[in-house]
Each structure stands twice: as C-alpha cells, then as structure tokens.
Engineer: 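Here's a structure for you.
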Amino acid sequence: MSASLREEIGYTPSYTLAVFCCKIILMNSEIAKILSEMAMLLEMKGVPFKPRAYEKAAVIIETLEEDIRDTYKKGGLKSLMDISGIGQGIAEKIEEYIKTKQIKDYEHLKKQVPVDVGGLTSIESLGPKSVYKLYKKLGIKTVGQLEKAAKAGKLRDLEGFGEKSEKKLLKGIEFLKTGQGRFILGFVRPTINSILERLRKLPYVEMAEPAGSIRRMQETIGDLDILAISKEPEKVIDYFVKMPEAAHIYGQGPTKVNIRLNNGMDADLRVLKPASFGAALQYFTGDKYHNIALREIAVRKGYKLNEYGLYKGKKLAAGKTEEEIYKKLGLELIPPEIRTNSGEIESALRQAQGKPGGLPQLIDYGSLKGDLQVQTNWTDGQNSIKEMAEAAKKSGLEYIVITDHTKFLAMTGGLDEKKLLRQMKEIDRVQKEVNGIKILKGAEVNILKDGRPDISDEALAKLDVVGGAVHSNFNLSEKEQTQRLIGAMENPNIDIIFHPTGRVIQKREPYKVDMDALIKAAKRTKTILEIDAYPSRLDLKDQHIRKAVEAGVKLSIDSDAHSISHFQYLELGVAQAKRGWASKNDVVNTKNWPEMLKFLK
DNA sequence: GCCGTTTTCGGCCCGACTGTTTTCAGTCG
C-alpha cells in the first residue's frame, strides 16, 4: 500500500505485523503433523521409545525458525541432523518428504491402522492406546463412529472401558463440537498472514485487510474475511482461487469469492472501490450486535448504514474510512477489539461529547517490555536460557523471567531447591554472555491441593518473580478450588497467579473457580493475575480482565514460551487485554524491569 | 529413534489421577 493511499483513507493497521511477525513456514507444519501422527501410530502398536523421539522431532520442527527446506538446501542431510533431536532416521524421512512429498513409512503405518488418529486423540482422555483398541475391537475409525458406538452403549463392554468412560468420551466429543468449525486464532495466523502478504504484493492490489473476528482478535475464528482494493477485481479473484491453499470454490463472481482452504477453513474475499472501503471494513468487522446498535443510531440521525457507506437519502455521506462513519454518527472511532456492544458505544458517545467516562486508552501492541513466564530446557522448554534470552531480545523485549516448573511436575524434570539454586547460578553466568536483555530469576511453582507451594518458601524468597499455578486436582469443587488459589495468593512469595482459569481452548474446560472472589483476593493480597498469551490458553477471558481492571488488580501478559518462536504470541495476549478494556498501566510488564519489580510482593 | 564430562551402547521424565480393576493400564502434565 502506498503512503499516499494510507493517508488518503486514514488507514490504521488492525494489528502490527512488524513487531512480533509470524514466520510462515507451511512445509514445517506439514512435516511436524506427519511425525506427530507417526508417533501416535507407533505408540498404538506398543513400540517402545520411538514415539517419544518422533513426537519430540515434531515439536522441534513445528517451532523451527527457518523453513526446513532452506536448512536442507544449505547442507543436505547433515544440516538436518545438526538440529538437536533429529538423527539420521528422521532426517532421512524429512529428506524423503521434501523430495517426494510423502514418507513411505508413514503411508505404511497408516495402511495398517487407517484411523483418524489426530481427530480421535483430540478428545480429552482418549490417547493412542485406546484409539487402537477401539479400532481393533469395534472398527472405530472416526469421531463420528465413536460417538455412535458410545451412545449405543457399545464401549462399556470393552476391556478397560466402562459406563463412566463412555460418558466421559461423549462429554469430550460434545466439548469438541462446541469448537467445531472454529480455529484458534494464534494457530491459523501464520496461514492468514501468508495469504494477506501475498495479496498485498500483487501489483494490481492497492490494499488487503482482514475483517471479522480476526480483526477483532477473537480467541477463535470461524472463517477468514478479506477485503481488498483493486481496479482489476477479476485478477485478484483469479489469483485467490488459484492459490495453493485453495481447496474448493463454493462460489465465484466478479468482485466476490468464497472458497475453502486446505486447512478446512472457509475464506471470503471481496474486492472493493476505495470509496466504500471504510464502510465495508466497518460492516464486515462487526460484531453483529455492535453493528445493529450502530445502524439504529444511523436511523435516528436520518441516515442509512450498509456495507457500501453511510447514506443520507441516496447521497453518500461517508464510506472511505471507518473514522468518518463513526464521526458522522457522533461517535469517537472505536477500536475493533472492543466492538461487542457492551458499553463501548456509550463510551464513544461520551468521549465525542467531551464528557467523562469515555473510551479507555487501550494498551498498544508492542508496548510490552518484558515477559514474565518463560520455560527453558531445564524443564519442558525446547531451548536454553541463552537462546530464550536472545530470541526475546530479538522480539524487542528488555527482560524475561525464567520460570521453569518446580518439583511436583516430574514429567518436566521439575526443579527442586538444589536444582533451582544451580539454575540461578547458570542465569548469572548466561547474563554475562548476553547484552541488552535482563534475565530475571523465577519459577512456575505448583500450588498444592491445600494452597501451599510445592517448594520451600526459603527457596522462593531467593527468586525475583514467583508465579503459582494449578497443575493437578483440576476437579475440586468451586469452593475448594477458590480457597486453594486464595491460599496461594496469601503466600508472601507468590507474586503472580499463572493460568488463573486453567482452560485449554477447545480441549479442556476451565476449572471451577469463583472469579469475583479471586479478583477480590488478588486486590487484597496485591497478587498479579496472568493473561497467558499462548494461543490455546488465554486464561483470563475478556470479561474477567474487565472485572480485574475495574477492581484495580494488576495484570501480566506472558507468552508462556516453551520455544524461541513463541514470543510472537505476546501480541495475542495484548489483544486479549484490549478486549478486556485494559490500559498500559494495568499491565505490569509494560514497565521496565526495576519498575515492574515494585509491583511484586 | 536419539543421545553422549555415565559417549557408539544402553539408557530413555515419572507421579497423580481415573476408571477400571483387585494390581493395573492409559492419560495427562
């Protein structure tokens, strides 16, 4: 987009791509997916140790910074094997995929057990072993078939299954369905950004912008809406339907097309004239309730508002930019993230009239100076302390807190008091090697059932930042769970509650907890609540954040990074904070580190 | 299949929880 056009239409990007830009590496995710499926298929057959090697390799490739094809081009098989976690066997399979677009061993395994292993294992409590049993005994290959069998009571007679597991699986399937057809924003953004970037590069495209739930930065999105400006719409449409991601065309017209992408997501593209771009952007950004309220205001003022513009009779009154439309309606421009008709229109009205109670000054993308939850290969992270620090610095951060798990979580090799001390020494050593970023010492401490941390207070007192999190006993009663978390908040060493709801989007419900009581206790004990920015976590929902902000509770936005590529997710945490009406001052890690430390206990 | 100041073989994170059992297998983190 040219600078003059940007100025002409008053364009402001819906989110900044520059700060935490997503690297688009589609081949890597394809290979990672295959390796991860191979891991499950091998696990089914009871093959020892190999599954873990494949799973590990899958994660490594998924989070690789570089396109694996480039790695391969540089030094062939050897450069693949130079990646820690990739040996000769898997390197050869990657080479085979790059050359032939398939892996024979994988095809062979799939032939032996032709089930939708990815789909089935995404049901909570269902792993590869059970999937295999269900296939062998009942011939179940898909989630649909499993649901049918469970409803017919056919599972309870299987060895290792009973009535309860039947019910649990049905519940898991139901939960999956509520998210069906929706995609977790953070996970599909690389694909979306890749498409947008290619569209923007076309010589006949002046501009291309996402609308809908993507622009509102919702946690999950149903489909992809793209608006473009071009004088040659047919050419744009033609390019769009011929993209490698285009799997199916539902309908195609001269200025509008609707396709299905190869990742299962539907995508709409509309090509517009500059005069109605703002109106279209407003109309397709929504949400529905916000738009209805806006149209009502328009009617009261004698206008008609639609996707082509704001009209007085037949005369176009506004349409080029969103700002002029809002202005004509007597409103301040409302940021896309808070367009939900939950008070933002009234606030925009007050602000335009110069009255108190206007729109909040929302936190900006790129305003985070630090990250308070970072895991390393001391526990379940992929990278070393140094690698994480350098990646964080590259993302524009001034400091990070190393927060590896403590001892209760044995799977992660959780740190005990001794190992924690050793890590602290290591951080001091690494700090001498890296400039321009401060590495603070911390931990993600497990909160035991009774609210106590799983590691001594003496050890915790030595750390700069301590986050407490629930990692077990998820299904306590609301009263017990709330008591447990408040107990943790009362600990003088626990500064932040990590994962305050414990949910995993589309996978696990949040644990039962009285959020109002939690917010109240956080205020009283000066405990920070975390907005976890990891795409499938986003622990605090927008409503929770709004309540916390109103109560004056401080928040932190953390990537929960387990790999160097995860710092890009911080942007999603900022989006979540925006949706919860949070300003920069509500978030402690917008401060530099000495200032941030002052907010801790 | 991967890895190595326990290096080219022999280990490979392990405890809690659940639902099924009556001593354990599978899943999760």
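In what follows, every chain begins at residue 1, and chains take the letters A, B, ... in the order their sequences are listed. Hydrogens, waters and symmetry mates are skipped; everything else that's a heavy atom, side chains included, is used.
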Engineer: Would you please name every residue forming a side-chain contact (heavy atoms from CB on, under 4.5 Å) with A533(A), sequence neighbours left out?
Structural biologist: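 Expected list: I557(A).
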
Engineer: Under a 4.0 Å heavy-atom cut-off, which of residues 101-111 of chain A touch DNA chain B?
Structural biologist: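 Under 4.0 Å from DNA chain B: no residue of residues 101-111 of chain A.
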
Engineer: For E390(A), enumerate each residue passing the salt bridge (Lys or Arg N to Asp or Glu O under 4.0 Å) test, keeping only those at least two apart in sequence or located in another chain.
Structural biologist: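 Partners of E390(A) by the salt bridge (Lys or Arg N to Asp or Glu O under 4.0 Å) criterion come out as none, since no residue qualifies.
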
Engineer: Which pairs pass salt bridge (Lys or Arg N to Asp or Glu O under 4.0 Å) with one or both residues in residues 515-534 of chain A, sequence neighbours excluded?
Structural biologist: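 Residue pairs with at least one partner in residues 515-534 of chain A: E490(A)-R524(A), D516(A)-K547(A).
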
Engineer: Mind checking salt bridge (Lys or Arg N to Asp or Glu O under 4.0 Å) for K99(A) and listing every partner two or more places apart, or none if nothing turns up?
Structural biologist: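 Partners of K99(A) under the salt bridge (Lys or Arg N to Asp or Glu O under 4.0 Å) test: E95(A).
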
Engineer: Per the salt bridge (Lys or Arg N to Asp or Glu O under 4.0 Å) rule, what does the pair list look like for residues 35-49 of chain A, sequence neighbours excluded?
Structural biologist: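 Qualifying pairs, neighbours excluded: none.
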
Engineer: Kindly state each residue pair satisfying salt bridge (Lys or Arg N to Asp or Glu O under 4.0 Å) with at least one member in residues 155-165 of chain A, sequence neighbours excluded.
Structural biologist: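 Found R156(A)-E163(A), R156(A)-E166(A).
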
Engineer: Check this for me, if you would: do K386(A) and E433(A) make a salt bridge, where the nitrogen-to-carboxylate-oxygen distance has to be below 4.0 angstrom?
Structural biologist: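 Result for this pair is yes, salt bridge flagged.
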
Engineer: For DNA chain B, which residues in residues 141-162 of chain A have a heavy atom at a distance below 4.0 Å?
Structural biologist: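 Within residues 141-162 of chain A, the residues near DNA chain B are G160(A), F161(A), G162(A).
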
Engineer: Give me, pair by pair, the N or O atoms of the protein and of nucleotides 9-12 of chain B that are less than 3.5 Å apart, along with how far apart they are.
Structural biologist:
none

Engineer: Please identify each residue that fulfils salt bridge (Lys or Arg N to Asp or Glu O under 4.0 Å) with E480(A), with sequence neighbours left out.
Structural biologist: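 Per chain and number, E480(A) pairs via salt bridge (Lys or Arg N to Asp or Glu O under 4.0 Å) with no residue.
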
Engineer: For R579(A), which residues count as a salt bridge (Lys or Arg N to Asp or Glu O under 4.0 Å) partner, sequence neighbours excluded?
Structural biologist: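 So R579(A) forms a salt bridge (Lys or Arg N to Asp or Glu O under 4.0 Å) with E219(A), D542(A).
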
Engineer: Only distances under 3.5 Å count here; give the side-chain donor-acceptor pairs of residues 113-127 of chain A to other protein atoms, sequence neighbours excluded, each with its distance to 0.1 Å.
Structural biologist:
residue	atom	partner	partner atom	Å
D116(A)	OD1	G119(A)	N	3.0
T121(A)	OG1	V117(A)	O	2.6
T121(A)	OG1	G118(A)	O	3.3
S122(A)	OG	G119(A)	O	2.6

